[in-house]
Amino acid sequence: LASTRTDASVRVSVSGVEGEVRDNVLAFIDADVDLDSELAARFYRDRTRRQVQEALEALGYYQADIALELEPVQGEWALTADIEPGPRVTVRSLELRITGDAVDDEAFEALRERLPLESGQGLDHGDYQSSKRALRNLAIERGYFDYQFSQAELAIDVDEGWADVTLELDSGDRYTLGEVGFSKVPLSSSFLQRLVPFASGEPYSAGRVAELNRRLLESGYFDDAVVDTRREAAEGKRIPVQANVGMRDRNTVSTGLGYSTDEGPRVRLGFTRHYVNRRGHSLTSE
């Protein structure tokens, strides 16, 4: 028998389950309540029973026996939940289908191997939602902004103890990256375009956009860079890209002090002009 939330209005104890099942039950139970009457306590007990049932079903336990006791003990309420979880529903089959432009996208094939859902394992509704979310996130990351789930179904037979999962994602068309525009800076357009790691018309990838942002910051010319993709301005599935950059100070001066047993005290003075002209040339002197 274990207890938790001893600082709450209701002291909760759970027995009969361990590990993630017990943790989920405790997470569902609302113990921070003020029970000022027997009637309030009765309503709270009924609500808690439903919460415990939901917590168990979320992990595939649909036939649990739940014994709840709520009684006043030394000026506070004590809730005891004795649970017999019963058999767990298992995933009998998992069918994942991709249609649209993403049908040949290797990223989705790789994701298939990483999804938390797996045939033969205990049903976890969180894994089902996580799998849908992973597919949705990958579609957005890869530029399938018109995606939709043409089928998303979790079929459960409690008596037989199985669940069948069907997820079909219609990716739609894949968007492409357009020309990159830059905020006004004292550098030529041809020089700035050399920092862009993709060509106009290349399939959209959030990773390529992030790489452009990284290149700008690491170039040494800017102290700030934010790259935006403007989906609302897309023409013919081509998304314009805008890089807003802030130039760093044109000149940097560095100093240093040292001592050499051969030469005695030494002073170091360095000067860098980060951009001399629009072609991005720099000058360093020491």
Side-chain angles (χ1 to χ4, degrees), residues 1-5 10-31 33 39-71 77-99 108-109 111-139 147-171:
L1 188 69
S3 299
T4 188
R5 302 183 183 182
V10 176
R11 189 158 44 87
V12 179
S13 298
V14 174
S15 64
V17 289
E18 298 293 338
E20 67 169 350
V21 180
R22 176 179 175 275
D23 292 342
N24 209 46
V25 168
L26 291 172
F28 269 68
I29 294 176
D30 179 13
V33 293
L39 180 60
R42 187 160 59 249
F43 280 123
Y44 172 73
R45 184 181 58 194
D46 293 342
R47 186 182 69 180
T48 300
R49 181 181 297 279
R50 292 193 298 271
Q51 291 173 333
V52 172
Q53 185 66 45
E54 290 174 9
L56 294 168
E57 291 180 359
L59 295 177
Y61 296 97
Y62 282 82
Q63 302 184 64
D65 289 328
I66 305 168
L68 283 183
E69 290 188 7
L70 179 66
E71 55 186 355
W77 289 93
L79 175 72
T80 301
D82 186 17
I83 301 169
E84 171 54 53
R88 187 179 188 182
V89 171
T90 59
V91 178
R92 184 177 69 173
S93 68
L94 169 62
E95 187 172 1
L96 175 62
R97 297 190 295 269
I98 305 296
T99 60
F108 281 89
E109 190 61 35
L111 176 64
R112 188 189 299 264
E113 304 300 322
R114 303 195 306 271
L115 290 179
L117 279 173
E118 186 177 345
S119 298
Q121 70 177 18
L123 174 63
D124 186 329
H125 285 259
D127 287 345
Y128 173 72
Q129 295 298 333
S130 294
S131 296
K132 287 182 63 178
R133 186 163 53 250
L135 288 165
R136 183 166 53 243
N137 291 345
L138 183 59
Y147 79 92
Q148 61 179 345
F149 282 101
S150 48
Q151 187 174 2
E153 184 177 84
L154 175 59
I156 300 172
D157 188 315
V158 173
D159 294 332
E160 296 295 327
W162 55 257
D164 289 341
V165 180
T166 303
L167 291 173
E168 181 175 323
L169 179 79
D170 179 3
S171 71

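- Here the rule is side-chain contact (heavy atoms from CB on, under 4.5 Å) with V89, and of L59, L123, D157 only L123 fits it.
- Pairs of residues two or more places apart, or lying in two chains, never qualify as salt bridge (Lys or Arg N to Asp or Glu O under 4.0 Å) while including a residue from residues 114-136.
- In this structure the side chain of R11 never reaches within 4.5 angstrom of the side chain of L79, judged on heavy atoms.
- When the options L115, L169, V165 are evaluated for a side-chain contact (heavy atoms from CB on, under 4.5 Å) with L96, the one that passes is L115.
- A donor-acceptor contact under 3.5 angstrom links the side chains of D82 and S15, judged on distance only.
- In terms of the side-chain hydrogen bond (donor to acceptor under 3.5 Å, both in side chains) criterion, residue partners of D164 (sequence neighbours excluded) are, by chain and number, R92, S93.
- Judged as a side-chain hydrogen bond (donor to acceptor under 3.5 Å, both in side chains), and not counting sequence neighbours, R112 has no contacts.
- Rounded to the nearest 0.5 Å, atoms CD (E84) and CD (Q63) are 11.0 Å apart.
- In this structure, E95 pairs ionically with R97, as a charged nitrogen and a carboxylate oxygen lie closer than 4.0 Å.
- The closest side-chain heavy-atom distance from I83 to L56 is below 4.5 Å.
- Formation of a donor-acceptor pair under 3.5 Å by the T80 side chain with backbone atoms of S13 is not found in this model.
- By the 6.0 Å contact criterion, CZ on F43 is open, its count of non-hydrogen atoms from other residues, nucleotides or ligands being 12 or less.
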Note to self: Test side chain to side chain donor-acceptor pair (under 3.5 Å) on T166 and E153; report intermediate values, then the result.
What the structure shows: CA-CA 5 Å; T166 303; E153 184 177 84; 4.7 Å; no

